[in-house]
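For reference, the structure discussed in these notes is given below.
Just so you know, these numbers come straight off a predicted model, no measurement behind them.
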Amino acid sequence: MLRTTQSRISLSSLHLRHSTPRAHCYRRAYATSYTSLSSRYETYYGGSIKTFYNSTLTGLSPAENEFREAVWEFSARVVKPKSEVIEREGGDSETHEYKTLIEVHKEMAEMGLHGVTVPTEDLTSSLGLGLSYTHHLLAMEAISYSSASLALSYGAHSNLCVNQLSRWGSDDQRAQWIPGLLDGTYIGALAMSETGAGSDVLGSMMTVTKKVDDGYVLNGNKFWITNGPKADVFVVYARDVVEPGAKQTYTTFLVPRTTPGFSTGKPLDKFGMRGSPTCELIFEDVFLPSTSVLGDPVSLQGKGAKILMSGLDLERLVLSGGPLGIMQAAYDTAVDYVHQREQFGVRVGTIGSMQAKLAEMYTKVNTARTFVYAVARAVDYHNAEAQKQGLGPKDKGYTYPPFQRRDCAAAIMYATDKAIEVAMECMQCLGGNGYINDYPAARYLADARLYAVGAGTQEVRRWLIGREVNSDFE
Ligand SMILES: Cc1cc2nc3c(=O)[nH]c(=O)nc-3n(C[C@H](O)[C@H](O)[C@H](O)COP(=O)(O)OP(=O)(O)OC[C@H]3O[C@@H](n4cnc5c(N)ncnc54)[C@H](O)[C@@H]3O)c2cc1C
């Protein structure tokens with residue numbers, strides 16, 4: 001066990017326990033940066049991952065880079081060898097078993113990855129790493145490289161559920177749930193979407209909560225909920241019953257899976273991300289005590305819209321690691337392949353039009369990554385500034401600077417577009433092999449496509465960014 005004797009895990013112990021010794025990693029970084037172009041790749045865990053990730057362009061600090069290397073090493077050692085079985089188990093329409101996914105969740109807990117952004121000083125969470133959104137993004141990218149499905153499940157757990165609970169939950173709620181969510185005992189999920197409420201998630205929401213004497217009664221359905229089939233606790237948004245003519249309000253609840261009246265539908269059979277569990281949630285006269293309102297039942301009752309909106313920017317930012325990781329995997333697969341495959345007596349990668357394809361893929365991967373990392377740094381900077389002023393999400397008047405909303409949306413929008421393009425180009429580079437499932441190219445495309453709708457659609461992201469740009473001229 002990683003953390004039996006220490007309340008908080010340091011990055012160097014994380015690194016030393018789970019990966020190659022630090023000196024070796026520094027040597028590798030040196031070789032990556034300064035040797036000839038032909039050997040400019042990084043290997044992890046004895047070559048389980050060989051990546052043409054260009055670490056010279058990232059602008060990461062030494063500490064961030066150390067963390068990055070540790071999570072890539074974990075991804076190579078633990079995730080990569082299990083990625084096929086995670087896909088198979090989740091995609092099996094008879095069993096939809098997620099045994100291996102759950103096992104790897106527990107190994108991620110041992111690494112501390114479920115609490116990357118949970119404060120170390122939190123009274124309930126000596127397991128939190130207390131790191132930045134940049135770190136969380138790096139973890140999401142590294143896991144997505146080896147298994148996009150696992151990473152989606154990880155993002156829903158560690159960002160959508162854990163981060164919202166950590167930011168908004170009451171002392172009692174955090175004490176009850178955070179330790180188990182961080183140590184791998186529990187899996188978390190977040191439920192806002194419904195069959196009739198996707199892009200217009202608040203306006204069309206039909207899951208309704210009625211105040212009764214000692215609590216609330218919840219009725220309705222949520223759809224497409226990541227981790228739904230396996231989660232132990234759900235952050236759930238619901239429409240309040242209000243007096244005719246009164247302003248519509250919403251409330252956020254924490255709903256344990258064991259609550260009477262709660263059930264889930266059959267796991268959904270998906271185009272990509274087949275290893276990631278997704279299903280419908282059903283609430284039939286679910287009684288919830290007042291203490292189930294996320295945060296303070298008095299001040300945060302009816303404040304669900306604010307809580308929901310406050311999480312969306314961070315969700316977009318952290319989940320941007322998904323397309324980044326998939327795109328890097330697609331690029332690496334393509335580069336490797338075109339330098340092995342020979343036609344007309346030459347490696348196909350050296351043919352002019354294929355060389356141009358490599359140039360485009362290279363540029364897309366690196367522009368997307370450097371932009372996303374820059375947005376993460378800006379978010380972290382403003383978060384730190386707010387904290388210095390003693391401000392947090394629960395404070396009246398606390399908002400992220402508005403430019404971050406457009407930039408978080410732009411980060412995931414751009415990374416998603418480029419990931420889909422690079423996955424398509426990877427398929428083309430592999431010729432016939434790109435089209436058969438013995439090779440991973442088609443899966444990259446199917447997995448990347450999720451990010452065009454999950455965590456909001458590309459069209460809504462464009463609409464949001466455009467609206468913010470236009471508002472500068474009002
Ligand atoms: C695998 C998977 C996992 C998911 N996980 C979760 C989860 O964990 N929790 C959760 O709450 N939700 C989850 N979702 C739901 C996801 O957030 C929604 O699918 C998404 O918000 C889009 O909603 P919709 O599917 O209803 O599309 P719709 O809103 O019906 O959109 C249909 C089309 O119309 C376009 N459109 C709609 N409104 C506009 C507009 N104003 N301007 C321009 N175009 C517009 C859309 O871009 C889209 O192309 C998941 C979805 C998937 C597929």
Side-chain angles (χ1 to χ4, degrees), residues 86 90 96 98 101-102 104-106 108-109 113-118 136 140 143 148-169 173-174 176-195 197-198 201 205 207 218 220-238 250-259 261-268 270 273-283 286 288 292-294 304 307-308 311-312 314-316 318-319 322 450 453-456:
I86 288 173
H96 282 297
Y98 302 100
L101 180 114
I102 307 290
V104 183
H105 256 276
K106 290 190 196 303
M108 294 171 94
L113 295 180
H114 294 320
V116 175
T117 52
V118 174
H136 205 173
M140 184 71 195
I143 306 301
S149 291
L150 172 70
L152 182 62
S153 167
Y154 167 66
H157 170 83
S158 61
N159 176 262
L160 276 63
C161 178
V162 169
N163 197 50
Q164 280 294 71
L165 178 55
S166 168
R167 293 168 72 231
W168 291 99
Q173 288 165 344
R174 298 198 323 282
Q176 184 183 357
W177 291 107
I178 292 263
L181 286 162
L182 266 50
D183 74 10
T185 307
Y186 301 136
I187 290 190
L190 176 143
M192 55 183 177
S193 307
E194 302 174 3
T195 46
V201 72
M205 190 177 282
T207 297
L218 190 63
N221 300 54
K222 296 285 176 184
F223 205 61
W224 303 291
I225 304 309
T226 301
N227 292 341
K230 288 288 163 191
D232 301 281
V233 62
F234 299 83
V235 173
V236 179
Y237 298 96
Y250 304 83
T251 297
T252 318
F253 295 95
L254 272 185
V255 182
R257 184 175 203 91
T258 50
T259 312
F262 172 79
S263 61
T264 56
K266 204 168 159 263
L268 299 171
K270 304 190 294 297
M273 299 288 192
R274 292 177 65 76
S276 169
T278 323
C279 74
E280 180 179 17
L281 313 182
I282 302 152
F283 305 90
V286 170
L288 298 166
S292 306
V293 173
L294 183 65
I307 295 175
L308 184 148
L312 288 183
L314 300 172
E315 175 181 332
R316 290 185 182 111
V318 171
L319 292 193
L450 176 270
V453 289

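The shortest non-hydrogen separation linking Pro229 to Tyr98 is CB-CE1, 4.2 Å. Nearest heavy atoms, Leu288 versus Leu254: CD2-O, 4.5 Å. Taking every heavy atom of both residues into account, Thr226 and Ala156 meet most closely at CG2-CB, 3.6 Å. In this structure, Thr264 and Cys279 approach most closely via the heavy-atom pair CB-SG, 3.8 Å.
Here the straight-line distance linking atom CG of Leu314 with atom CG of Leu319 works out to 10.5 Å at 0.5 Å rounding. The distance from atom CG of Leu190 to atom SG of Cys161, rounded to the nearest 0.5 Å, is 7.0 Å. Distance check: Ile102 CD1 to Asn227 CG gives 7.5 Å after rounding to the nearest 0.5 Å. In this structure, CG in Leu218 is found 10.0 Å from CG in Leu281, a value given to the nearest 0.5 Å. For the atom pair CG (Leu101) and CD1 (Ile187), the distance works out to 6.5 Å, reported to the nearest 0.5 Å. How far CD of Gln176 is from CG of Leu181: 10.0 Å, rounded to the nearest 0.5 Å.
Distance alone, capped at 3.5 Å, is enough to place a donor-acceptor pair between the Tyr154 side chain and the Leu113 backbone. Without hydrogens or angle criteria, His105 side chain to His114 main chain gives no donor-acceptor distance under 3.5 Å. Thr207 contributes a side-chain N or O that, together with a main-chain N or O of Asn221, makes up a donor-acceptor pair within less than 3.5 Å.
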Could you give me the CA-CA distance, side-chain angles and deciding distance for Met108 and Leu150, then say whether side chain to side chain contact (heavy atoms under 4.5 Å, CB included) is met? CA-CA 11 Å; Met108 294 171 94; Leu150 172 70; 4.2 Å; yes

Please evaluate residues Ser158 and Val116 with respect to the criterion side chain to side chain contact (heavy atoms under 4.5 Å, CB included), reporting the C-alpha separation (whole Å), side-chain torsions for both, the decisive distance (0.1 Å), and the verdict. CA-CA 8 Å; Ser158 61; Val116 175; over 6 Å; no

Determine, step by step, whether Val201 and Met205 satisfy the side chain to side chain contact (heavy atoms under 4.5 Å, CB included) criterion, reporting the C-alpha distance in whole Å, the side-chain angles of both residues, the deciding distance to 0.1 Å, and the verdict. CA-CA 6 Å; Val201 72; Met205 190 177 282; 4.3 Å; yes

Worked verdict on Arg257 versus Lys230 for side chain to side chain contact (heavy atoms under 4.5 Å, CB included): CA-CA 9 Å; Arg257 184 175 203 91; Lys230 288 288 163 191; 5.7 Å; no

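Between Phe283 and Lys222 the shortest side-chain heavy-atom distance falls below 4.5 Å. No side-chain heavy atom of Val235 sits less than 4.5 Å from a side-chain heavy atom of Leu160. Val293 has its side chain within reach of Phe253: a pair of non-hydrogen atoms, C-beta onward, lies under 4.5 Å apart. Taking 4.5 Å as the limit, every side-chain heavy atom of Tyr250 sits out of range of all side-chain heavy atoms of Leu308.
Gln173 is linked by a side-chain hydrogen bond (donor to acceptor under 3.5 Å, both in side chains) to Ser170, counting only residues two or more places apart in sequence or in another chain. Scanning for side-chain hydrogen bond (donor to acceptor under 3.5 Å, both in side chains) contacts around Asn159 gives an empty result, with sequence neighbours left out. The ring-ring contact (aromatic ring centres under 6.0 Å, His included) test applied to Trp168 returns no partner, not counting sequence neighbours.
Residues Thr117 and Arg167 bring no donor and acceptor atom of their side chains to less than 3.5 Å of each other.
Taking a 6.0 Å sphere around OH of Tyr237, one finds it holds more than 12 heavy atoms contributed by other residues, nucleotides or ligands.
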